[in-house]
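When reading the values below, keep in mind they use all heavy atoms of this one structure, side chains included, and skip hydrogens, waters and symmetry mates. What you see is a predicted model, and the numbers here were worked out from it, not measured in a lab.
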Amino acid sequence: MADKLKVATDRVETWERTGQLRYRQAERLAKVTRTPFGFLFLPEPPEEPLGIPDFRTVTDAPLAQPSPELIDTVQQMQRRQVWMRDYLMEEGAPPLPFVGSTTLEDPPERIAAGMREVLALRDGWAALAPNWSEALRRFRQRLEAAGILVFVNGIVGNNTHRPLSVQEFRGFALSDAYAPLIFINGADAKAAQLFTMAHEAAHLWLGAGGVSNLVLLEPAPDPLERLCNAAAAELLVPAELLRSVWPQAQGSAEPYQFLARHFKVSPIVAARRAQDLALISRPEFLQFYQAYEADERRNKARKAGGGDFWNTQNVRLGGRFGAAVARATKEGRLLYREAYRLTGLRGATFEKFAKSVGVDLR
C-alpha cells in the first residue's frame with residue numbers, strides 16, 4: 001500500500017512540474033481528491049467558504065481551511081433544512097417561538113431554564129437514565145419533539161470512506177424559525193455528544209448558527225460561544241445540583257466518573273464543570289484531561305464492529321426529517337429521485353427505511 005501511495009504521489013508531482021496531464025487522468029485525479037474539475041487548472045487553490053459562522057478556534061491562530069468532508073456535510077444539511085422549511089410552511093406550521101428567544105445579555109441560567117421548559121426536562125432527568133446512550137437518545141427525542149431537526153453522523157452521508165474528524169469539529173447548528181437544525185459529529189463519544197448537542201441547542205435559542213470544536217471544552221474567544229457553553233453546562237450539570245453532590249464525589253475513588261454517571265455526561269464535562277465552579281484547580285483539570293484522553297484513545301483502538309443498519313439510518317437522518325420525507329413521497333408531493341437525493345438512500349433501501357419510520361410506500 002505504501003509503495004502504491006508513493007507511486008501515485010510521484011505521478012502527481014510529475015504532472016504538477018511538467019503540466020503533462022491527459023484529460024482522463026485529470027478527471028480521475030479530481031474524483032479521487034474530491035476536487036471540482038475546474039479547480040485543477042487554477043494557478044492557486046481557491047479557498048472554499050464554509051457558509052456558516054466558524055467558531056472552531058480557541059487561540060489566536062488562523063483557522064484551518066475546512067475539509068471537503070465538513071463543507072459537504074454543511075451543504076447537505078442546508079439542503080435538508082431548506083426542503084423541510086418549505087414542507088412545514090406548506091403544511092401551515094407556525095414558526096417556533098423559542099428560536100432566537102434569548103440574547104447575549106441573558107445569563108446562562110435563564111437560557112438553560114428556558115431550554116429546560118421547552119424540552120420538558122425536569123431537574124435530575126439525566127440521573128434517571130440508565131446510561132449515557134439512553135440519556136442521549138431521550139435528549140435527542142425531546143429536541144425533535146420541540147421541532148428541531150437532529151442529525152448524528154460520523155461520515156459524509158453513507159460513505160464510509162469519508163469519515164468526519166472530531167479534531168476538526170464536533171457539531172454545528174443552523175438557525176431557522178421553522179426548521180432549526182443540529183448536526184452532531186457521530187465519531188465523538190456518546191457522553192461527549194450530549195454536551196455538544198446542548199451547546200448547539202443553545203445556539204438555536206440565541207438564533208445564531210455556527211460550527212464548533214471545543215478543545216478542553218473551551219469555546220472560541222467569542223461572547224456567543226462562551227454563552228452557549230455556559231448555558232449547556234448549566235442545562236446538563238446545574239451548579240446547585242453539582243455542589244450538592246460534590247461531597248459524595250470527593251469521597252469516591254473516581255470523583256469525575258461518579259459525577260459522569262450521575263449527570264450522564266462525559267467525565268471530561270464533569271471535571272470541566274467542577275473547574276468552572278472553582279471546585280478544582282485548572283492544573284487538576286488538565287492532569288485528568290490528559291490521562292482520560294489517553295485512555296479513550298486506547299479504548300477506541302480496541303473497539304470494532306458495526307450496528308443495526310436501520311437504527312443507524314434513523315440516527316443519521318433523524319426521526320423528524322426522515323418521516324417527513326417518507327410521508328411527502330407517499331403523498332406524491334416529492335419525487336422519488338428527490339427523496340433519494342435528500343436521504344442518500346435508493347430503491348428498496350429507501351422503501352425499507354420509510355417502513356422503519358412508519359410509512360409504507362407500497
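- Residues Arg170 and Asn185 have side chains that never bring a donor and an acceptor to within less than 3.5 angstrom of each other.
- A salt bridge is absent between Lys330 and Asp360; no separation between the charged side-chain nitrogens and carboxylate oxygens falls under 4.0 Å.
- For the pair Pro108 and Ala231, the tightest heavy-atom approach, listed with the atom from each and the gap, is CB-N, 3.7 Å.
- For Val315 against Arg140, the heavy-atom pair with the smallest separation is CG2-NH2, 4.0 Å.
- Val269 has its side chain within reach of Ser266: a pair of non-hydrogen atoms, C-beta onward, lies under 4.5 Å apart.
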Show me the side-chain donor-acceptor pairs of residues 240-251 shorter than 3.5 Å, one per line, residues at least two apart or across chains.
{"residue": "Ser244", "atom": "OG", "partner": "Leu241", "partner atom": "O", "Å": "2.6"}
{"residue": "Trp246", "atom": "NE1", "partner": "Gln250", "partner atom": "OE1", "Å": "3.4"}

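- The CD atom of Gln193 lies 8.5 Å from the OG atom of Ser133; values are rounded to the nearest 0.5 Å.
- In plain terms, the two heavy atoms of Pro255 and Ala253 that are nearest each other are CD-O, 3.6 Å.
- Both tests hold for Arg272 against Phe285: distance to the six-membered ring centre under 6.0 Å, angle to the ring axis within 45°.
- For Gln141, the side-chain hydrogen bond (donor to acceptor under 3.5 Å, both in side chains) partners are Arg137, not counting sequence neighbours.
- A salt bridge does not link Glu144 with Arg320: every distance from a Lys NZ or Arg NE/NH1/NH2 to an Asp or Glu carboxylate oxygen is 4.0 Å or more.
- There is no path of hydrophobic side-chain contacts, each under 4.5 Å, that joins Met84 to Leu335.
- Annotation: side chain of Leu259 is not in contact with side chain of Pro267 (no heavy-atom distance under 4.5 Å).
- A donor-acceptor pair under 3.5 Å links the side-chain atoms of Thr343 to the main chain of Ala339, judged by distance alone.
- For the salt bridge (charged side-chain N to carboxylate O under 4.0 Å, His left out) condition, the pairs that include at least one residue of residues 85-94, sequence neighbours left out, are Arg85-Asp176, Glu90-Arg333, Glu91-Arg333.
- Side chains of Val150 and Phe321 form no contact here, defined as non-hydrogen atoms less than 4.5 Å apart.
- Taking the side chain as every heavy atom from C-beta outward, Leu235 and Arg116 approach each other to under 4.5 Å.
- Rounded to the nearest 0.5 angstrom, Leu164 CG and Glu168 CD are separated by 8.0 Å.
- Just one residue in the list Leu149, Thr196, Ile148 forms a side-chain contact (heavy atoms from CB on, under 4.5 Å) with Ile182, and that residue is Ile148.
- Scored by the ring-ring contact (aromatic ring centres under 6.0 Å, His included) test, Phe169 finds no partners at all (sequence neighbours excluded).
- Between the side chain of Arg142 and the main chain of Ala120, a donor-acceptor pair closer than 3.5 Å is present.
- Applying the side chain to side chain contact (heavy atoms under 4.5 Å, CB included) rule to Val74 yields the partners Leu50, Ile52, Leu70, Gln78, Phe172; only residues at least two apart in sequence or on another chain are considered.
- Pro94 has its side chain out of reach of Tyr178: every pair of non-hydrogen atoms, C-beta onward, lies at least 4.5 Å apart.
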Practice task
List the steps, then state whether side-chain hydrogen bond (donor to acceptor under 3.5 Å, both in side chains) holds for Gln76 with Thr73.
Solution key: CA-CA 5 Å; Gln76 182 185 55; Thr73 298; 5.6 Å; no
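- Hydrophobic clustering, with ILVMFWY side chains joined whenever heavy atoms are under 4.5 angstrom apart, keeps Leu128 apart from Leu121.
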Practice task
Please report the C-alpha distance between Tyr292 and Tyr256 in whole Å, then the side-chain angles of each, then the deciding distance to 0.1 Å, and finally whether the side-chain contact (heavy atoms from CB on, under 4.5 Å) criterion is met.
Solution key: CA-CA 10 Å; Tyr292 183 82; Tyr256 309 124; over 6 Å; no
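- Every residue two or more places apart in sequence or in another chain was checked for a side-chain hydrogen bond (donor to acceptor under 3.5 Å, both in side chains) with Glu254, and none qualifies.
- In this pair, Phe258 and His262 present their aromatic rings parallel. The plane angle is below 30°, not in the 30 to 60° band.
- Using a distance-only test at 3.5 Å, with no hydrogens or angles considered, no donor-acceptor pair links the side chain of Glu109 to the main chain of Glu234.
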Practice task
Start with the C-alpha distance between Glu284 and Gln275, add both sets of side-chain angles, then the distance that settles side-chain contact (heavy atoms from CB on, under 4.5 Å), and finish with yes or no.
Solution key: CA-CA 8 Å; Glu284 286 178 294; Gln275 179 206 302; over 6 Å; no
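- One hydrophobic cluster holds both Leu286 and Ile280 under the rule that ILVMFWY side chains link at heavy-atom gaps under 4.5 Å.
- Taking the six-membered ring for Trp, Phe55 and His203 have ring centres closer than 6.0 Å.
- Nearest heavy atom pair, residue Val99 against residue Ser175, reads CG1-OG, 3.5 Å.
- When all heavy atoms of Leu206 and Ile111 are compared, the closest pair comes out as CD2-CD1, 4.4 Å.
- Looking only at side-chain heavy atoms (C-beta outward), Val152 and Phe183 stay at 4.5 Å or farther from each other.
- In this structure the side chain of Phe139 reaches within 4.5 angstrom of the side chain of Leu119, judged on heavy atoms.
- Residue Arg80 holds its CZ atom at 10.0 Å from CZ of Arg341, rounded to the nearest 0.5 Å.
- Clustering ILVMFWY residues whenever any of their side-chain heavy atoms sit less than 4.5 angstrom apart, transitively, puts Leu342 in the very cluster that holds Tyr336.
- Interatomic distance, CG of Leu96 versus CG of Leu204, reported as 9.5 Å (0.5 Å rounding).
- Considering only heavy atoms from C-beta on, Leu345 comes within 4.5 Å of Leu317 through its side chain.
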Exercise for the section: Apply the test side-chain contact (heavy atoms from CB on, under 4.5 Å) to residues Asn153 and Ile155: give CA-CA distance (whole Å), side-chain angles for both, the deciding distance (0.1 Å), then the verdict. Expected result: CA-CA 6 Å; Asn153 201 350; Ile155 58 178; 3.3 Å; yes
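- One finds the CZ atom of Arg282 at 9.0 Å from the CG atom of Asp276 (value rounded to the nearest 0.5 Å).
- Looking at every heavy atom in both residues, Val156 comes nearest to Asp72 through CG1-CB, 4.2 Å.
- Salt-bridge annotation for Arg138 and Glu134: present, with a side-chain N of the basic residue lying under 4.0 Å from a carboxylate O of the acidic one.
- A distance of 9.0 Å separates CZ in Phe151 from CD in Gln81, rounded to the nearest 0.5 Å.
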Practice task
May I have the step-by-step check of side-chain contact (heavy atoms from CB on, under 4.5 Å) for Val237 and Phe195, ending in yes or no?
Solution key: CA-CA 10 Å; Val237 189; Phe195 186 86; over 6 Å; no
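- Aromatic ring orientation, Phe350 versus Phe353: tilted (interplanar angle from 30° to 60°).
- Counted by atom type alone, Glu225 and Ser212 present one or more donor-acceptor pairs between their side chains at under 3.5 Å.
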